[in-house]
Amino acid sequence: MCDTLGIYKSSYYYSVNRKPTKREIENLALTDIIKKIFYEYKGRYGSKRMLRELRSRGVFVNHKRIERIMKENRLKS
């Protein structure tokens with residue numbers, strides 16, 4: 001399989017056995033919160049309102065991160 005993909009075996013096994021990073025774990029948790037808020041307000045919240053809502057709930061993140069997560073999950077108001 002590695003020959004077909006054109007990668008080294010060590011690279012393949014590194015990517016398979018790699019543990020998720022702290023940032024990846026935070027992004028998954030943040031994605032769940034954003035989805036919950038998005039559907040709670042019936043898809044009316046864009047990234048700016050989402051930012052305000054997250055801050056009111058005590059979650060402080062950058063607006064660009066919220067925009068990226070919403071775009072990746074196709075959450076559009």
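Applying the salt bridge (Lys or Arg N to Asp or Glu O under 4.0 Å) test to residues at least two apart or on different chains, the pairs with a partner in residues 26-38 are Glu26-Arg65. Annotation: side-chain hydrogen bond (donor to acceptor under 3.5 Å, both in side chains) contacts involving residues 40-51, sequence neighbours excluded, comprise Glu40-Arg57. Within the structure, side-chain hydrogen bond (donor to acceptor under 3.5 Å, both in side chains) contacts touching residues 6-24 (residues at least two apart or in different chains) are Arg18-Glu24.
Every residue two or more places apart in sequence or in another chain that forms a side-chain contact (heavy atoms from CB on, under 4.5 Å) with Leu54 is listed here: Leu30, Ile33, Ile34, Ile37, Met50, Val59, Val61, Ile66.
Other residues sharing a hydrophobic cluster with Phe60 under the 4.5 Å side-chain heavy-atom criterion for ILVMFWY residues do not exist; the residue is a singleton.
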Indicate every side-chain donor-acceptor pair of residues 68-77 with a distance under 3.5 Å to a residue at least two apart or in another chain.
residue	atom	partner	partner atom	Å
Arg68	NH1	Glu72	OE2	3.4
Asn73	ND2	Ile69	O	2.8

